Number of protein chains: 2
Amino acid sequence: MNINQASDYGFRAVLYLAQAGTKVVEAQTIAQNEVVPMRYLLKIMPSLIKAGIVRSQRGVGGGYALARDPRDITLLDVIEAIEGPIRLNRCLLDEGYCSKQGPPDCKIHQALADIQQKLDSDLSSYNFADFLE
Amino acid sequence: MNINQASDYGFRAVLYLAQAGTKVVEAQTIAQNEVVPMRYLLKIMPSLIKAGIVRSQRGVGGGYALARDPRDITLLDVIEAIEGPIRLNRCLLDEGYCSKQGPPDCKIHQALADIQQKLDSDLSSYNFADFLE
DNA sequence: CTTAAACTATACCAAATGGGTAAACAATTA
DNA sequence: TAATTGTTTACCCATTTGGTATAGTTTAAG
């Protein structure tokens, strides 16, 4: 039960870009400053772009910049961009996954759904403007 | 980011035992009723025993029963018994794990710590008496 | 006091996931 | 048109996950 390394790298990249303001920063700079393996970072970034969190520019002088105000980027946004939606239990998303095919009123399922919703909302309550010094 | 299958099986086993009251129930009965692979269930149960959630009896007529009131067994208890403590990010538990060895005042770390604490508390707010019909 | 029923401990295994690297490609600018 | 920088895709190895098998230990019944 944890956030994976890729998401953690995503946090660092977004935070670095937030600190950089509107400047376009190349991957290598982010990788070095945030101690993220460069090639791995390059693989992660497109997920952040597809999610509308980051924009990129190719070619000489290219790099990455935030696509929107850091205030509008939450921890959950980054996690979901990289790992997809959170599901405390697979049964909460994959209908028919549960081997018991439990009664639709499975109370544990309902409890987990409630807890997951709170977790989502907690992860959404922190935005990257909060993290700037 | 999810609770693993073993914990889900653990939920089912504990719920089944809670419904059985004080009766000693053999593994096969639990496995069949809760649709859990018998051998896998047998591997999981010792974790619940070590955590003081379940007690076992060997030999003829043996089986499992809850070791304490269902009201005193929470979702978190079962998860921690089976998966160990929850850590949203490894850096929250393994000191010195973070490749950045970030400043001790990493704001993201602090946010995740807060969120994790809320998650723990939410998972603790449901006990297995709540789940009985 | 032996046998059968039940849990325990270990070891093993295949498939999926996680973390990371490599190489060829596409775009952009000087 | 060449150099720079991101994109795409494929590959790779180690770990984890979910599960099975096997040998062993405890206990109650006969």
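Bear in mind the structure is a predicted one, so any value in this text is a computation, not a measurement. Proteins come first, then strands; the chains are lettered A, B, ... in the order of their sequence lines, and each starts at number 1.
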When B:Gly63 and A:Ala6 are each assigned the nearest nucleotide of DNA chain C, the 5'-most assignment goes to B:Gly63

Using a cut-off of 4.0 Å on non-hydrogen atoms, how would the nucleic acid contact of B:Gly59 be classed: base, sugar-phosphate, or nothing?
base

N-O pairing of B:Lys118 and B:Asp114 below 4.0 Å:
no

Would you kindly give the OH-to-P distance between A:Tyr40 and D:dC11, to the nearest whole Å?
19 Å

Sequence neighbours left out, what passes ring-ring contact (aromatic ring centres under 6.0 Å, His included) with B:Phe131? Give chain and number order.
B:Phe128

For A:Lys43 and C:dG19, what is the distance between atoms NZ and C1' respectively, to the nearest whole Å?
7 Å

Would you indicate what B:Ile49 reaches in the nucleic acid, counting non-hydrogen atoms under 4.0 angstrom: base, sugar-phosphate, or nothing?
sugar-phosphate

Would you say B:Gln57 reaches D:dA28's phosphate, i.e. side-chain N/O to OP1/OP2 under 4.0 Å?
yes

Do other residues, nucleotides or ligands put more than 12 heavy atoms under 6.0 Å from B:Arg71 CZ?
no

Under 3.5 Å, side chain of A:Gln116 to main-chain N/O of A:Leu88, donor-acceptor pair present?
yes

Find which nucleotide of DNA chain C each of A:Tyr9 and A:Gly61 is nearest to by heavy atoms, and output the residue with the more 5' nucleotide.
A:Tyr9

Reckon A:Tyr64 has a side-chain N or O less than 4.0 Å from the OP1 or OP2 of D:dT7?
yes

OP1 or OP2 of C:dT8 less than 4.0 angstrom from a side-chain nitrogen or oxygen of B:Ser56, does that happen here?
yes

Please confirm whether the backbone N or O of B:Met1 pairs with a side-chain atom of A:Arg87, one donor and one acceptor, at under 3.5 Å?
no

Nearest-nucleotide pick for A:Val60, side chain only, options being C:dT8, D:dA28, C:dT28
C:dT28

Rounded distance in Å - CD1 (B:Ile44) to C1' (C:dC7)
15 Å

Say whether B:Leu15 and B:Met38 are linked into one hydrophobic cluster, either directly or through other cluster members, by side-chain heavy-atom distances under 4.5 angstrom.
yes

Sugar-phosphate only, base, or nothing, as touched by B:Gln28 at under 4.0 Å among non-hydrogen atoms:
nothing

Short of 4.0 Å, heavy atom to strand atom, which residues of residues 11-21 of chain A count as contacting DNA chain C?
none

Check whether any side-chain nitrogen or oxygen of A:Gln5 sits under 4.0 Å from OP1 or OP2 of C:dG20, and answer yes or no.
no

Looking at residues at least two apart in the chain, or sitting in another chain, which of them share a salt bridge (Lys or Arg N to Asp or Glu O under 4.0 Å) with A:Glu34?
B:Lys100

In whole angstrom, what separates B:Asn4's CG from D:dG19's P?
10 Å

Rounded off to whole Å, could you give me the CZ-to-P distance for the B:Arg39 and C:dC13 pair?
16 Å

To the nearest Å, give me how far apart CD1 (A:Ile82) and C1' (C:dG19) are.
13 Å

Specify the separation, in whole Å, of atom CG of A:Asn2 and atom P of C:dT17.
15 Å

d(CG, A:Asp8; C1', C:dG18) in whole Å:
14 Å

Result for 5'-nearest mapping on DNA chain D, choosing between A:Pro46 and A:Met1, is A:Pro46

We want to know whether B:Ser125 and B:Asp122 form a side-chain donor-acceptor pair, criterion being a heavy-atom distance below 3.5 angstrom.
no

